[in-house]
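One structure is given below, encoded as structure tokens.
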Amino acid sequence: MGKREPAGAVGLVLARPSRLLSAEPFFMEFIAGIEERLAERDMSVLLQLVTTAEAEEEAYRRWAESRLVDAVAVVNPAVDDTRPALLRELRLPFVVAGAHEGSDAPAVYTDNTAPVREVLSRLLELGHRRIARVSGPAQLLHTRARTEALAEGCREAGLPAPVVLEGDYSRESGARRTAELLRLDHPPTAVLYDNDVMAVAGLDTARELGVAVPGRLSLIAWDDSTLCRLASPTLTAMSVDVHRYGTSVAEAALECADGHPATERWSPTARLVSRGSTGPAPAEG
């Protein structure tokens, strides 16, 4: 057999409802970053939207059998993730986007701990002591890392354990979880959300319940976006250069496709951008 001809594509499977993809700016910017780097090699992104883990695995098997991609970018690494083993079995080069340091797979690493500590430090400066979090799906490694970082930071500061409620990145879950938090006997004075969409929904819910932001409640979104900047008040956010993150993943995927070990890379570190949704804790807080 002759040498395999390049397919000219990097595969990306997003296992999430398409309604979330269209509503959440993060992945659109991420994909744009991948595409920009691949265009330099006259390559493209083969994007597949699925709703289950089984459908994602089937997409990989189909790509491997038909030789449709030269490499795969795996996103949202999870607890007991079986995808790296499957891709090795299928002999599909791959890179894991957002892996933690020490991963045995080709990866672009992400530090989720330092940004959480930056947020907590700022909230402590503002006098907050009841801090909650509306997270993404609990099985995702970055969700677990952020939750653990917040819990550890609160423990070190002598604060009560943070209340953490799981969301799914949708507006509906952001609104529902915020309402649950605000109806607690001792509601939080600050909430950290795992994405911008849930944070904007939380802001709307606080307004509907008559809870002043930031007078009685401070809100912080992970993933800065136009949604955060257009909200009223504007939303404080953890800002990440998502486009650059995408180009880094593309560069690592190209190395793997070329048969080279992936150079160690880190995604851009999230940094706190303070805006109108955060302020001093209320006197009763």
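Atoms considered below: every heavy atom in the structure, side chains included; atoms not considered: hydrogens, waters and symmetry mates. None of the values given here were measured: they were computed from a predicted structure. Numbering of residues begins at 1 and proceeds along the displayed sequence.
Considering only residues two or more places apart in sequence or on other chains, Y245 meets the ring-ring contact (aromatic ring centres under 6.0 Å, His included) condition with F30.
The shortest side-chain heavy-atom distance between M198 and S170 does not fall under the 4.5 Å cut-off. With a 4.5 Å cut-off on side-chain heavy atoms, I131 and L159 count as touching. A 4.5 Å side-chain heavy-atom check between L181 and P188 finds at least one atom pair inside the cut-off. Taking the side chain as every heavy atom from C-beta outward, D224 and R229 approach each other to under 4.5 Å. Taking the side chain as every heavy atom from C-beta outward, F94 and C256 never approach each other to under 4.5 Å. Side-chain contact between E166 and T143 is absent, with no heavy-atom pair separated by less than 4.5 Å. Using a 4.5 Å cut-off on side-chain heavy atoms (C-beta onward), W266 and S248 make no contact.
L141 belongs to a hydrophobic cluster whose remaining members, ordered by chain and number, are V79; membership requires side-chain heavy atoms of ILVMFWY residues under 4.5 Å apart, directly or through intermediates.
In the model, S173 has a side-chain atom that pairs as donor or acceptor with a side-chain atom of D168 under 3.5 Å. A donor-acceptor contact under 3.5 angstrom links the side chains of E255 and T263, judged on distance only. A side-chain donor-acceptor contact under 3.5 Å links T247 and R244. Between the side chains of T278 and T236, a donor-acceptor pair is found at a separation under 3.5 Å. Side-chain polar atoms of S135 and T147 form no donor-acceptor pair below 3.5 angstrom. Side chain to side chain, T178 and Y193 meet the donor-acceptor criterion of an N or O pair below 3.5 Å. Side-chain atoms of E57 and T82 form a donor-acceptor pair, as typed in the model, at a separation below 3.5 Å. Side-chain N/O atoms of Q48 and R62 include a donor and acceptor closer than 3.5 Å.
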(request) Evaluate the side chain to side chain contact (heavy atoms under 4.5 Å, CB included) criterion for residues R133 and V163: first the C-alpha distance (whole Å), next the side-chain angles of each, then the deciding distance (0.1 Å), finally the verdict. (result) CA-CA 6 Å; R133 170 169 146 74; V163 176; over 6 Å; no
(request) Please test V10 against V72 for side chain to side chain contact (heavy atoms under 4.5 Å, CB included), starting from the C-alpha separation and ending with a verdict. (result) CA-CA 5 Å; V10 168; V72 170; 6.0 Å; no
(request) May I have the step-by-step check of side chain to side chain contact (heavy atoms under 4.5 Å, CB included) for C228 and R275, ending in yes or no? (result) CA-CA 9 Å; C228 297; R275 297 197 181 100; 3.9 Å; yes
(message) Checking R122 against L272 for the side chain to side chain contact (heavy atoms under 4.5 Å, CB included) test, could you report, in this order, the C-alpha distance in whole Å, the side-chain angles of both residues, the deciding distance, and whether it holds?
(response) CA-CA 9 Å; R122 179 56 180 153; L272 181 64; 3.7 Å; yes
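For the pair R216 (side chain) and T189 (backbone), a donor-acceptor distance under 3.5 Å is absent. Checking side-chain atoms of T234 against main-chain N and O of G276 turns up a donor-acceptor pair under 3.5 Å. Panel note: side chain D111, backbone T113; a donor-acceptor pair is recorded below 3.5 Å. No side-chain donor-acceptor contact under 3.5 Å links D196 to the backbone of A221. For S277 (side chain) and L219 (main-chain N/O), a donor-acceptor pair under 3.5 Å exists by modelled atom type. Between the R129 side chain and the A281 main chain, no donor and acceptor come within less than 3.5 Å of each other. Counting only distance, with no hydrogens or angles, the side chain of D70 and the backbone of A257 share no donor-acceptor pair below 3.5 Å.
A salt bridge does not link D194 to R177: none of the charged nitrogens lies less than 4.0 Å from a carboxylate oxygen. Salt-bridge annotation for E251 and R265: present, with a side-chain N of the basic residue lying under 4.0 Å from a carboxylate O of the acidic one. The residues E40 and R37 are annotated as salt-bridged, a charged nitrogen and a carboxylate oxygen being separated by less than 4.0 angstrom. Ion pair R271/E118 not flagged as a salt bridge, since none of the NZ, NE, NH1 or NH2 atoms sits closer than 4.0 Å to an Asp/Glu carboxylate oxygen. One finds no salt bridge joining R155 and E152 here, because no Lys/Arg side-chain nitrogen approaches an Asp/Glu carboxylate oxygen to under 4.0 Å.
By the rule that hydrophobic residues join a cluster once side-chain heavy atoms approach within less than 4.5 Å of another member, L192 and V164 end up as members of separate clusters. The same ILVMFWY cluster, assembled from side-chain heavy atoms under 4.5 Å apart, contains both V50 and L68. In this structure, V108 is a member of the same hydrophobic cluster as V75, with clusters built from ILVMFWY side-chain heavy atoms closer than 4.5 Å. No continuous path of hydrophobic side-chain contacts links V200 to V273 [ILVMFWY only; heavy atoms under 4.5 Å].
Nearest heavy atoms, A97 versus P77: O-CD, 3.3 Å. In terms of heavy atoms, R117 sits closest to E156 at NH1-OE1, 3.0 Å. The two residues L126 and G279 have their closest heavy-atom pair at CD1-O, 3.6 Å. When all heavy atoms of L14 and F27 are compared, the pair lying nearest together is CD2-CE2, 3.6 Å. Shortest non-hydrogen contact noted between A157 and L124 is CB-CD1, 3.9 Å. The minimum heavy-atom distance linking A231 with L203 is given by the pair CB-CD2, 3.8 Å.
Atom CZ of R146 is separated from atom CE of M238 by 9.0 Å, given to the nearest 0.5 angstrom. For the atom pair OG of S267 and OH of Y109, the computed distance is 12.0 Å after rounding to the nearest 0.5 Å. Remark: T269 OG1 to N112 CG distance equals 10.0 Å, nearest 0.5 Å. Rounded to the nearest 0.5 angstrom, L38 CG and E36 CD are separated by 10.0 Å. To the nearest 0.5 Å, atom CG of residue L184 and atom CZ of residue R130 are 9.5 Å apart. N76 CG to Y169 OH: the interatomic distance, rounded to the nearest 0.5 Å, is 5.5 Å.
Between R83 and the options E54, E56, E89, a salt bridge (charged side-chain N to carboxylate O under 4.0 Å, His left out) holds for only E56.
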